Enquirer: 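Okay, handing you the structure first.
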Amino acid sequence: MPEPVPFTDIQMDEAIVDRVAEVLHSGRYVKGPVVERFEDRFAAACGVDHAVAVDSGTAAILLALKGAGIGAGDEVFVPGHTFFATVSPVLSVGATPVFVDVDPETYGMDVAALSEALDAASDPAAILPVHLYGCMADVRRIRELAAEHDAAVIEDACQAHFATRDGFTAGTAGTAGAFSFYPTKNMTVAGDGGMLVTDDPDVARRARRHRNHGRDADGRHRVLGLNHRMSEVHAAVGLEQLDRIDDWNEGRATAARRYSARLADLDRVETPTEPPGAEHVYHLYVIRVPAADRDPLREHLGDAGIETGIHYPTPAYDHDPVVERLGERSLPATESVCRRIVSLPIHPRITDEEVDRVCTAVERYFEGAAA
Ligand SMILES: Cc1ncc(COP(=O)(O)O)c(C=O)c1O
C-alpha cells in the first residue's frame, strides 16, 4: 500500500497545549477573560471594532442575521453553490433564501446574476456572499449593489480567514462577517467555534445578547435567545492559532502555486483562478475535470493512497429543507460545478513531494484515460 497523502492535517503544538492547561487549572470555563482577549485580538487582526465569539460558524451567521434585523419574510440572496450552513440560518430566522448562480471560475456569487435577481426582487433585505474555498467573492461590486438596493451585506467568511480582495479583508466588507473554527478550517479552536465581526455597535450588542439567552448585562432577558457562547478552553486554542495563521495561509498558498504550475499543461484539468486583486487563502484546493472523469479520477487517486473530497456534490437549494419550503429550482453554473469539482489534499505542512505525488497521479490518470 502506498504511503497515504492525507487530505488535511490539523496544526497543534505544545504551546497550545500549555495554554489549554492554564485554563483548565484556572477553573473558569465560560464568560471569562480568555474569550474577551480572543475577541479583541481577532477584531484587531481583521481591522474591525467588534468581534463576538460564538460556538460555531453557523451561529455566527445566525447572530449576524439577527443582529442586522433580518427576520420573517425578508429576502436574503445566497449563492447556489455553498455548504448548507450558509442557508440554514436564513431559513431559521424565517427569511427566504434567493439563490444566485456562481461564477464557475472563482465559485463566488456571479455579480451579474445577483444584479438581475436584485432588480427582480420586491424588497431585498440582505446579500450573503460566501468566500468559498478561501477566495473572496467580488465584494466591491456586491457592496455597490447592496447600496443601490438598501440591503445589508453579511459575509460567510467561514472558509476564508484573512483572505483579501480589492483592499477588503474577508468578513469586513459589509454589515457583519462570520467565521468558523471547525477543526479542518484554516484556523481552529480544537472543536466547534465561530466569530462574528462588525463595525456596527448595535449589531455587536444584539449578537452578544442573542448568544447569551437573549440577556443584557443588567440580567434582563430582552429577546428570545439561546446559548451560543464559546468556552474559555476553545478561546485559548484560538488565541494561539491566531498567532500562526499568516504562516499557515502562506504554506497553503505555496502548495497551491505548486499544484497549479504542475497541472497547468493538462487539458482536462482546470485549476483554481485567483481574481486580480485577490489573495486566496486556499482553505481547499479545488480543480474541475470533465464530469465523466470525476469519480474514476478519485478512485485512481484513492488507489494511490491520496485522499480527495467533493465540496459540495449537491447545490445548496437541492436539500430537503429548501425544497420543502420553496420547491425545486435549477442554476446551470452551480450544477455544472457540483458535477465537476474535486478537492485535492492541502494544508500548511503538505510537502513538495506530496504535492508532486498527487500531480503525478492526476497526470497518469489522464494519460490512461486518453489511451
Ligand atoms: C461556507 C461555510 N459556511 C458555514 C459553515 C458553518 O460553520 P460551522 O461548521 O462552524 O458551523 C461552514 C463550515 O463548516 C462553511 O464551510
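Remember, it's 1-based here, ligands and their atoms both numbered in the order they're listed. These numbers were taken from a predicted model, which means no experiment stands behind them.
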Enquirer: Between R268 and Y365, is any side-chain donor less than 3.5 angstrom from a side-chain acceptor?
Expert: no
Enquirer: Between Q159 and Y182, do the side chains contain a donor N or O and an acceptor N or O under 3.5 Å apart?
Expert: no
Enquirer: Identify, for atom 16 (O) of ligand 1, the protein heavy atom at the shortest distance, and state residue, atom and that distance.
Expert: Q159 NE2, 2.8 Å
Enquirer: Between R340 and E270, does any NZ, NE, NH1 or NH2 come within less than 4.0 Å of an OD or OE carboxylate oxygen?
Expert: yes
Enquirer: Using only heavy-atom distances, determine whether the side chains of S260 and Y285 contain a donor-acceptor pair under 3.5 Å.
Expert: yes
Enquirer: Among all the protein's non-hydrogen atoms, which is closest to atom 9 (O) of ligand 1, and how far away is it?
Expert: S180 OG, 4.1 Å
Enquirer: Is there a side-chain contact between F84 and V87 (heavy atoms, below 4.5 Å)?
Expert: yes
Enquirer: According to the interplanar angle, ranging from 0 to 90°, do the rings of Y133 and Y107 count as parallel (below 30°), tilted (30 to 60°) or perpendicular (above 60°)?
Expert: perpendicular
Enquirer: Please determine if G57 has a nitrogen or oxygen closer than 3.5 Å to a nitrogen or oxygen of ligand 1.
Expert: yes
Enquirer: Which of the atoms of ligand 1 are close to T58, meaning less than 4.0 Å from one of its heavy atoms?
Expert: 6 (C), 7 (O), 8 (P), 11 (O)
Enquirer: Taking N or O atoms only and a 3.5 Å limit, does D156 qualify as a polar contact for ligand 1?
Expert: yes
Enquirer: Numbering the atoms of ligand 1 from 1, which are under 4.0 Å from a heavy atom of C158?
Expert: 2 (C), 3 (N), 4 (C), 5 (C), 12 (C), 15 (C)
Enquirer: What residue and heavy atom of the protein are closest to atom 12 (C) of ligand 1, and at what distance?
Expert: F83 CD2, 3.6 Å
Enquirer: Provide the number and element of each atom of ligand 1 under 4.0 Å from a heavy atom of S56.
Expert: 10 (O), 11 (O)
Enquirer: Would T82 count as a polar contact of ligand 1, with the cut-off being nitrogen or oxygen pairs under 3.5 Å?
Expert: no
Enquirer: Of the protein's non-hydrogen atoms, which lies at the shortest distance from atom 14 (O) of ligand 1, and what is that distance?
Expert: K185 NZ, 3.1 Å
Enquirer: State the atoms of ligand 1, each with its element, that fall below the 4.0 Å cut-off from a heavy-atom position in A85.
Expert: 4 (C), 5 (C), 6 (C)
Enquirer: Is the closest side-chain heavy-atom distance between L114 and R141 below 4.5 Å?
Expert: no
Enquirer: List the steps, then state whether salt bridge (Lys or Arg N to Asp or Glu O under 4.0 Å) holds for D356 with R258.
Expert: CA-CA 8 Å; D356 289 346; R258 191 172 183 93; 2.9 Å; yes
